[in-house]
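Just so you know, residue 1 is the first one in the sequence shown, and it goes up from there.
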Amino acid sequence: MAMVSEFLGQLSLNIGAHEPTYPTVVPALDFDPDRDAARIETAIKTKGVDEQTIIDVLTKRTYSQRRDIAFAYEKRAKKDMISALKAALSGSLETVILGLMKSTAQYDASVIRGSIKGAGTDEETLIEVLCSRSNNELVEIKKVYKELFKKDLEKDVAGDTSGNFAKLLLALVQTKRAEASSMVDYEKIDEDARALYEAGVKVKGTDVPTWITIMSERSVPHLQKVFQRYKSYSPYDMQESIMKEVKGDLQKSFLVLVQCFENKQLYFAKRLYEATKSKGAKEKIVTRIIVSRCEVDLKKICSEYKSNLGESLQKTVLEHTKGDYQKVLLGLCGPE
C-alpha cells in the first residue's frame with residue numbers, strides 16, 4: 001500500500017495551521033494601555049530615565065499590546081512613543097526595546113534587509129533567518145518586507161547571493177513547502193531518501209538541485225522521516241553527508257535546515273550558547289534570537305537549552321551580560 005495512515009500526534013492537530021507556539025511573552029491579563037502609557041511617559045521624563053519601568057512594562061506585553069500602549073501614549077503625550085524611546089534609551093537596551101516595537105514578521109524582515117543592504121552581505125544572518133523560519137512565517141515575512149521596504153524579497157535575495165547558495169535561499173523564499181499531513185506516504189519517504197543518497201554520497205560530485213527541491217518543498221514531518229530512512233542507504237547521516245558533499249555558505253544553509261527540521265529549538269539553543277560563550281558575547285545574535293522568538297518558541301528554546309547544555313539560559317545571561325541589557329533579556333526569557 002502506497003499510503004499508510006498514521007497519526008502524527010501534535011502535528012496532525014496543526015495541519016494547515018501555524019506550528020504550535022511556546023512563547024515566553026504572553027498577553028498581560030488586566031491590561032490597561034492608558035495606565036501603561038502613563039508609566040512609560042513618567043519613566044522617560046524621569047531625570048536619568050527609569051529604564052527598569054520601561055523594561056518591566058514592555059517585556060511583559062505582547063506586540064499587539066505594545067502597539068496599543070503606543071497609540072495610548074501618542075494620544076496622551078502628543079508624540080510618537082518609538083521616537084521618545086529612541087531618544088531616551090541607548091546601546092543594547094535601545095536595540096532590544098525598539099526590536100520589541102516591531103511584530104515578529106516586521107523584525108525578521110528588518111533583520112533580512114539589514115543583512116543584504118549596503119556593501120557586503122551578512123550571510124550568517126541571512127542563513128539563520130531564512131533557513132529556520134516555517135513556511136507560514138516566510139509567507140508573512142515576504143508580505144511585510146514588501147510593505148516596509150517597497151521591494152521584493154526574492155529579487156533582493158537573488159541580487160545579493162549567487163550560485164547554488166542563491167538557488168537554495170530562493171527556493172525557500174518561494175514558499176512551496178507542503179503542509180504537514182496526517183497521512184504518511186512511506187513510498188514517497190523511501191523515494192526521497194534514496195534520491196538524496198543518489199544525488200550526493202553515492203556519486204562523485206553532488207546533484208545540488210535535487211537536494212534543494214526535496215529540502216525546500218517537503219513538509220517537516222515528512223523530512224524527519226526521510227532523514228531517518230536515509231541512514232538505511234547512506235553510511236553517513238544527513239548532516240555528515242552535507243559536510244562531505246558541499247562547502248561554504250551552501251553547506252551552512254543545508255546544515256541549518258536539517259538541524260531545524262530535526263529540532264528547531266535545539267538549533268536556537270546551541271546558537272545562543274555559542275554566541276554567549278564566545279569572546280565578547282556576540283550580542284547581535286543573542287538579541288536577534290531572543291527578540292524574534294519570545295512570542296514564538298522561546299520557552300521551548302529555554303527548555304532545550306537547559307536539558308542539552310547543562311545550565312539554564314537565564315543563568316548564562318546572568319553570567320555573560322550586564323546592566324540593563326541583562327535585565328531586558330531576563331525579562332523576555334521569563335523565570336526559569
Can you tell me how far apart [atom1] ([X]) and [atom2] ([Y]) are? Round to the nearest 0.5 Å.
| X | Y | atom1 | atom2 | answer |
| --- | --- | --- | --- | --- |
| Ile116 | Leu126 | CD1 | CG | 6.0 Å |
| Lys146 | Lys155 | NZ | NZ | 6.0 Å |
| Lys45 | Asp50 | NZ | CG | 14.0 Å |
| Arg66 | Ser103 | CZ | OG | 10.5 Å |
| Gln106 | Leu148 | CD | CG | 5.5 Å |
| Asp324 | Glu94 | CG | CD | 12.5 Å |

Sub-3.5 Å donor-acceptor pair from the side chain of [X] to the main-chain atoms of [Y], do we have one?
| X | Y | result |
| --- | --- | --- |
| Lys202 | Ala199 | no |
| Glu198 | Val203 | no |
| Ser292 | Arg288 | yes |
| Gln251 | Val246 | yes |
| Gln326 | Thr321 | yes |
| Lys176 | Ser216 | no |
| Asp297 | Lys300 | no |
| Thr59 | Leu332 | no |
| Arg113 | Phe149 | no |
| Lys78 | Lys75 | yes |

If you define the side chain from C-beta out and look only at heavy atoms, does anything of [X] sit under 4.5 Å from [Y]?
| X | Y | value |
| --- | --- | --- |
| Val317 | Leu272 | no |
| Leu266 | Gln259 | no |
| Glu262 | Asp237 | no |
| Phe254 | Ile212 | yes |
| Leu255 | Met243 | yes |
| Met81 | Ile40 | yes |
| Ser303 | Tyr22 | no |
| Lys60 | Phe31 | no |

How far apart are the C-alpha atoms of Tyr325 and Thr287, what are their side-chain angles, what is the distance that settles it, and do they pass the side-chain hydrogen bond (donor to acceptor under 3.5 Å, both in side chains) test?
-> CA-CA 9 Å; Tyr325 182 57; Thr287 299; 2.7 Å; yes
Stepwise, does the side chain to side chain contact (heavy atoms under 4.5 Å, CB included) test hold for Leu257 with Leu168?
-> CA-CA 10 Å; Leu257 276 175; Leu168 173 57; 3.9 Å; yes
Between Tyr233 and Tyr197, what is the ring plane arrangement, given parallel below 30°, perpendicular above 60°, and tilted in between?
-> parallel
Looking only at side chains, do [X] and [Y] share a donor and an acceptor under 3.5 Å apart?
| X | Y | result |
| --- | --- | --- |
| Glu140 | Asn136 | no |
| Asn308 | Tyr273 | no |
| Ser312 | Glu336 | yes |

Going only through I, L, V, M, F, W and Y residues with side-chain contacts under 4.5 Å, is there a path from [X] to [Y]?
| X | Y | value |
| --- | --- | --- |
| Tyr63 | Leu98 | no |
| Val296 | Tyr267 | no |
| Val26 | Ile290 | no |
| Leu318 | Leu329 | yes |
| Ile189 | Ile214 | yes |

Closest heavy-atom contact between Lys264 and Ser134?
-> NZ-N, 3.7 Å
Exercise: identify the closest heavy-atom pair between Leu100 and Leu58 | CD1-O, 4.1 Å
Using the side chain to side chain contact (heavy atoms under 4.5 Å, CB included) rule, take Tyr186 and Asp190 through it: C-alpha gap first, then chi angles, then the decisive distance, then the call.
-> CA-CA 6 Å; Tyr186 287 104; Asp190 187 66; over 6 Å; no
Given the rule in the side chain to side chain contact (heavy atoms under 4.5 Å, CB included) test, do Glu283 and Thr95 qualify, once you have shown the distances and angles that lead to the verdict?
-> CA-CA 10 Å; Glu283 229 171 69; Thr95 306; over 6 Å; no
Between the side chains of [Y] and [X], is the shortest nitrogen-to-carboxylate-oxygen separation below 4.0 Å, so that they form an ion pair?
| X | Y | value |
| --- | --- | --- |
| Glu311 | Lys277 | yes |
| Asp36 | Arg61 | yes |
| Glu217 | Lys188 | no |

Can Leu85 and Ile44 be said to form a side chain to side chain contact (heavy atoms under 4.5 Å, CB included), step by step?
-> CA-CA 7 Å; Leu85 287 166; Ile44 288 172; 4.0 Å; yes
Go through the steps to decide whether Glu319 and Lys315 satisfy the test salt bridge (Lys or Arg N to Asp or Glu O under 4.0 Å), and finish with yes or no.
-> CA-CA 6 Å; Glu319 284 169 8; Lys315 185 167 180 286; 2.8 Å; yes
Is it the case that more than 12 heavy atoms not belonging to Lys142 sit under 6.0 Å from its NZ atom?
-> yes
Kindly determine whether Glu137 and Arg177 satisfy salt bridge (Lys or Arg N to Asp or Glu O under 4.0 Å), including the steps that lead there.
-> CA-CA 12 Å; Glu137 285 171 330; Arg177 191 174 303 290; over 6 Å; no
Between Arg229 and Ser232, does a side-chain hydrogen bond (donor to acceptor under 3.5 Å, both in side chains) hold up when you go through it step by step?
-> CA-CA 6 Å; Arg229 183 75 184 135; Ser232 65; 3.3 Å; yes
